[in-house]
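As the structure lists them, so they are numbered: ligands from 1, and atoms in each ligand from 1.
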Amino acid sequence: MHRLFVAIRPPERVRDLLVDAMDDSPALRWVPDDNLHLTLRFVGEVERPLADDIAHALQRVRSDPFELRIDGVGRFDQRNGGAVWAGVKPKEPVATLAAKVDRACVAAGIEPERRLFHPHITLARFGRSAKSEVDPFVRRNAALASEQFEVGSFTLFESRLSRHGAHYEVVADFPLG
Ligand code: ATP
Ligand code: MG
């Protein structure tokens with residue numbers, strides 16, 4: 001099985017800004033620079049033939065390049081902990097691209113995404129016991145912001161999970177425009 005997701009890799013200067021915001025908050029397990037991304041669509045575990053069909057379908061996604069910027073940070077909470085993320089703006093062009101990517105995945109044979117699209121770049125994960133330690137980081141970084149950056153492509157990644165954390169490999173890049 002192949003664990004796939006479709007994402008945008010931010011450019012180095014934006015990743016530098018994000019990495020610079022990562023501090024010594026003991027509660028937060030930081031995402032390494034190599035793994036920073038904005039998920040357009042999580043595919044999950046699929047067999048090889050379906051993975052190939054998804055890659056082919058993604059080739060037919062058409063979108064002009066567009067600009068994004070980092071705007072603030074926030075948190076998602078789940079039962080066992082959660083994640084701290086950097087928000088991106090504006091929502092519209094990236095949401096449209098995510099919808100096109102979703103339609104391509106559906107055309108290839110997987111179920112549509114039912115959840116609302118919330119564009120973000122995960123910065124850190126935290127455990128259940130650390131929930132109360134996350135807000136100081138979120139408050140300190142409320143004004144985190146980058147210059148606009150161009151999104152000129154999106155990428156199909158394969159995620160390999162291990163005890164040492166996730167490792168992402170590029171399956172294919174898809175240029176925009
Ligand atoms: P780890 O699971 O070890 O913490 P990870 O979450 O970075 O690492 P994956 O679980 O393979 O690695 O996830 C890859 C990307 O897909 C991440 O952006 C993750 O947030 C997202 N993702 C994972 N599972 C889901 C899901 N069920 N629904 C939506 N997005 C998901
Ligand atoms: Mg995960």
shortest atom 3 (O) of ligand 1-to-protein heavy-atom contact is with L161 CD2, 3.8 Å
Under 3.5 Å, N or O to N or O, is R115 touching ligand 1 that way? yes
When distances are taken from atom 10 (O) of ligand 1, the protein heavy atom at minimum range is R3 NH2, 2.6 Å
Atom 8 (O) of ligand 1 sits nearest the protein heavy atom A166 CB, 3.4 Å
**Message:** Take a 6.0 Å sphere around CD of E12 and say whether it holds more than 12 heavy atoms from other residues, nucleotides or ligands.
**Reply:** no
Centres of the W85 and F137 rings: under 6.0 Å?
no
_For the residue pair T155 / D173, report whether a side-chain donor-acceptor contact shorter than 3.5 Å exists._
yes
Point to revise | E113 N/O under 3.5 Å from ligand 1 N/O | key: no
Test side chain to side chain contact (heavy atoms under 4.5 Å, CB included), reference V88, set V151, I121, D71, I8, output is I121
closest protein heavy atom to atom 6 (O) of ligand 1 is R125 NH2, 2.9 Å
Looking only at non-hydrogen atoms, the one of F42, W85, Y168 nearest atom 16 (O) of ligand 1 is F42
**Request:** Assess the pair F5 and F42: is the distance between their ring centroids shorter than 6.0 Å?
**Result:** no
